[in-house]
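Throughout, a chain's letter reflects where its sequence line sits, starting with A, and its residues are numbered from 1.
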Number of protein chains: 2
Amino acid sequence: MANIKDIADLAEVSVATVSNVLNNRGRVGEETRQKILKIIEEIDYKPNRVAKSLKMNKTHTIGVIVEDLSVFNAPEIIDGINEFAEENDYSILLTNLRLYKKYGNQFPDVDTCREMVMPLFHQLLSNQVEGIIYIGIHLRNVNGLLPDSSTPVVYTYCDTSDESDISINYDDYKASFDATSYLINKGYQEVALISGLINSESAHARFNGYCNALMSNGLQFNPNYVKTGDWEYESGYKMAMDLLKGEQRPSAILAMNDLMAGGVIKAASELNIHVPDELAIFGFDNREVSSYYTPKLSTVSLPLHDMGEISIKTLIDVIDGKTIKTKKRKLLCELIERDSS
Amino acid sequence: MANIKDIADLAEVSVATVSNVLNNRGRVGEETRQKILKIIEEIDYKPNRVAKSLKMNKTHTIGVIVEDLSVFNAPEIIDGINEFAEENDYSILLTNLRLYKKYGNQFPDVDTCREMVMPLFHQLLSNQVEGIIYIGIHLRNVNGLLPDSSTPVVYTYCDTSDESDISINYDDYKASFDATSYLINKGYQEVALISGLINSESAHARFNGYCNALMSNGLQFNPNYVKTGDWEYESGYKMAMDLLKGEQRPSAILAMNDLMAGGVIKAASELNIHVPDELAIFGFDNREVSSYYTPKLSTVSLPLHDMGEISIKTLIDVIDGKTIKTKKRKLLCELIERDSS
DNA sequence: CTGAAAGCGCTTACAG
DNA sequence: CTGAAAGCGCTTACAG
């Protein structure tokens, strides 16, 4: 590969001058500039970023640690990161913990996670990334996972209990509140809820949103209308069977994710309950599968792309020394109305 | 950040010696080594890879260009790349063309694509990646997309017509042959096929596999049993309606992807045709959605993870100067038997 | 307007 | 066994 010295020799100028025209700085005579530009064009010269990074002590590179790239939320978030990075000429160094692949839903504790993260974290620091985005696959507290370091970190799809850490998430409470309100306003007064595992922060927030929406609409909370599943399709099916065969059959079921909502659809179908005439079903997450159920599932769309975009935008602000007013941001979700409600 | 000079000063040795113990080379007295190691440990020193890369003219970094990260095949392939990269201490620079997001299924021609790829390609070269993996989202000929350069490239989930280019793909023909044979051996003699758009190489290969499987099993090819859809759910539904309402109702339908197979399931359900007793349905791709249909869809699993792993493995072999015997590799798919067959 | 020189943090023959 | 010095490809005050 040609280097700046080669260009200088060909143009019969110094490397300083070549550097100046490459970076549009300093005064360079128009004739000299054109001559250099022509040569650069001719031999298709590409400046060596590694050398530049070393000299400038700036790599224009962001490290991404994703807990599992194969989980549905990760690609969209990274897509958002990529888009912004490309527009602003940042590069992305991607590392993947493969947590779900290794452990499934049985998350290891923070200490085990930390041991797995360590080598990736060090690799990124060695590569002199200017900041790190940590993408969780489950909303939870990952406090203490990453060691202290002067490299700024933004957490997304997870958070830490440290007030000074920056995180970008979505508003679970409001999404659940809105979905429940939507169902009520559509005329479904008996709204049941199929929750995910209750050790999850999401499940808490969504439960609260559900309850408050009932209250705001003057409806009574009915404990018989709340069932707890384990986020999987089968549990949605079972819980729906319980609900739909019970005495007070609900007219709508809000499931805390699209998988369990799929189980609800199956249960309704087997019981010959017409959706949405006799039963409205609402999911959560807007996973790809939700639009392939029959009927197509109404659901809550997560702002994944925006989470990625705002994560990197915020991170670059920190790198640039700006002060971040809101350390914990929660973006809004969107209701997607399809055929099940 | 501390540098090698700081370590040298603290240990009262030269930077050369520190470098030697860091890299386990040269003779260093045991005492000196321990002393240096201790200091490195204490101040948690991390060598600056950027400086090392510049000096060594080796970055240990691979560039990945993915046509669209959000399309179902990409994350698994990258997962395979990541796993191997981590084990072998390579870093991954990820860039994303976002082709599907921008154009959907209406792929732009190679010239348009090239213009989009150019900046990403140059960014990677500037960063001195040692090789590039190009991940397509559709099996097709991408000849001429990437400019000539001395940086080695491996194509996966796509190919070029240039015999000297390296590509890693899967064996569409054999997968289709096997799926068809499987259905026949299960006792389904009248196997229909719902094809994707015929301008696709995959569709051709899968069609040939289907035909040859019929022949090998002594069955006659029946043109009425072949319908052409557009890869989408709705087209699967329509084609299935045609087939199932026709005079000679098939006893099995092989759809060229899981989306169209979903449409087949819906059609069968509406016509009250029992799956799999009266009709077997087989899909292709093993997308997440396939295991959430009712009944769960039997399908062909693509070796995505392996494609990623073998892509980077092959690429690193090229970088290391080894000669690659097979330039065009096709990995085997696996049949996933679920409830629809 | 242009260039000589120092320096970013490493590695590596080479000398002692 | 250890160190001085050159050099990887850039940028940037500074001098002229």
Side-chain angles (χ1 to χ4, degrees), chain A residues 1-37 39-40 43-61 89 91 122-123 125-130 150-151, chain B residues 1-37 39-40 43-61 89 91 122-123 125-130 150-151:
Chain A
M1 289 280 267
N3 60 31
I4 202 172
K5 180 97 189 342
D6 298 330
I7 308 291
D9 289 349
L10 286 169
E12 296 173 305
V13 296
S14 73
V15 293
T17 301
V18 177
S19 175
N20 280 334
V21 349
L22 281 171
N23 298 293
N24 280 316
R25 75 165 63 241
R27 18 242 72 254
V28 180
E30 193 48 31
E31 234 177 292
T32 328
R33 146 170 281 113
Q34 289 307 333
K35 187 174 180 190
I36 293 172
L37 251 22
I39 291 171
I40 287 176
I43 69 173
D44 196 28
Y45 165 72
K46 306 270 173 312
N48 182 330
R49 269 223 191 216
V50 173
K52 180 167 185 172
S53 294
L54 177 60
K55 173 64 191 165
M56 306 279 280
N57 197 22
K58 268 194 139 284
T59 53
H60 249 238
T61 300
D89 200 30
S91 297
H122 287 158
Q123 189 193 37
L125 291 193
S126 257
N127 278 299
Q128 312 298 112
V129 297
E130 297 181 19
S150 58
T151 306
Chain B
M1 288 282 268
N3 62 29
I4 202 172
K5 179 98 189 341
D6 298 328
I7 308 290
D9 289 348
L10 285 170
E12 297 174 300
V13 296
S14 74
V15 294
T17 301
V18 177
S19 175
N20 280 335
V21 349
L22 281 170
N23 298 294
N24 280 318
R25 76 166 62 240
R27 20 241 71 256
V28 180
E30 192 49 28
E31 235 177 294
T32 328
R33 149 172 277 112
Q34 289 308 331
K35 187 174 177 187
I36 293 172
L37 251 22
I39 293 170
I40 287 176
I43 69 173
D44 196 28
Y45 165 73
K46 306 269 172 313
N48 182 330
R49 269 224 191 215
V50 173
K52 180 167 184 171
S53 294
L54 177 60
K55 173 63 189 170
M56 306 279 279
N57 198 23
K58 266 193 140 283
T59 53
H60 248 239
T61 300
D89 201 29
S91 296
H122 287 158
Q123 189 194 36
L125 291 194
S126 255
N127 278 299
Q128 312 297 113
V129 298
E130 296 181 19
S150 58
T151 306

**Student:** In whole angstroms, how far is the P atom of D:dC10 from the CG atom of B:Asn57?
**Tutor:** 11 Å
**Student:** Counting only side-chain N and O atoms of B:Asn48, is one of them less than 4.0 Å from OP1 or OP2 of C:dG9?
**Tutor:** no
**Student:** Considering just the side-chain nitrogens and oxygens of A:Thr17, establish if one lies under 4.0 Å of OP1 or OP2 belonging to C:dG3.
**Tutor:** yes
**Student:** Just do the side chain to side chain contact (heavy atoms under 4.5 Å, CB included) check on A:Ile43 and A:Leu10 with the steps written out, would you?
**Tutor:** CA-CA 10 Å; A:Ile43 69 173; A:Leu10 286 169; 4.3 Å; yes
**Student:** Apply the side-chain contact (heavy atoms from CB on, under 4.5 Å) test between A:Arg33 and each candidate in A:Val28, A:Thr17, A:Asn20; give the one that qualifies.
**Tutor:** A:Val28
**Student:** D:dG16 pairs with which nucleotide, Watson-Crick or G-U wobble, both distances below 3.5 Å?
**Tutor:** C:dC1
**Student:** Ignoring backbone atoms, establish whether A:Arg25 has a side-chain N or O less than 4.0 Å from OP1 or OP2 of D:dT12.
**Tutor:** yes
**Student:** Distance check: side-chain N/O of A:Tyr45 vs OP1/OP2 of D:dC10, anything under 4.0 Å?
**Tutor:** yes
**Student:** Of the candidate nucleotides C:dT2, D:dA4, D:dG9, which contains the atom at the shortest distance from the side chain of A:Lys55?
**Tutor:** D:dG9
**Student:** Using a 4.0 Å heavy-atom cut-off, does A:Val13 contact any base of the nucleic acid, only the sugar-phosphate backbone, or nothing at all?
**Tutor:** sugar-phosphate
**Student:** Report the distance from atom CG of B:Asn24 to atom P of C:dC10, rounded to the nearest whole Å.
**Tutor:** 16 Å
**Student:** Does OP1 or OP2 of C:dT12 have a side-chain N or O of B:Ser19 closer than 4.0 Å?
**Tutor:** no
**Student:** Take B:Val18 and A:Ser14, find for each the nucleotide of DNA chain C with the closest heavy atom, and name the residue whose nucleotide sits nearer the 5' end.
**Tutor:** A:Ser14
**Student:** Name the closest nucleotide to the A:Asn3 side chain, picking from C:dG3, C:dG9, D:dG9.
**Tutor:** D:dG9
**Student:** Out of D:dC10, D:dG9, C:dG3, which nucleotide sits closest to the side chain of B:Leu54?
**Tutor:** D:dG9
**Student:** Should A:Thr32 be listed as having a side-chain N or O under 4.0 Å from OP1 or OP2 of C:dT2?
**Tutor:** yes
**Student:** For B:His60 and C:dT11, give me the distance from atom NE2 to atom P, rounded to whole Å.
**Tutor:** 13 Å
**Student:** A:Ala16 has a side chain; which of C:dT12, C:dG9, C:dA5 sits nearest to it?
**Tutor:** C:dA5
**Student:** With a 4.0 Å limit, can you tell me whether A:Asn23 has a side-chain N or O closer than that to the phosphate oxygens OP1/OP2 of D:dT11?
**Tutor:** yes
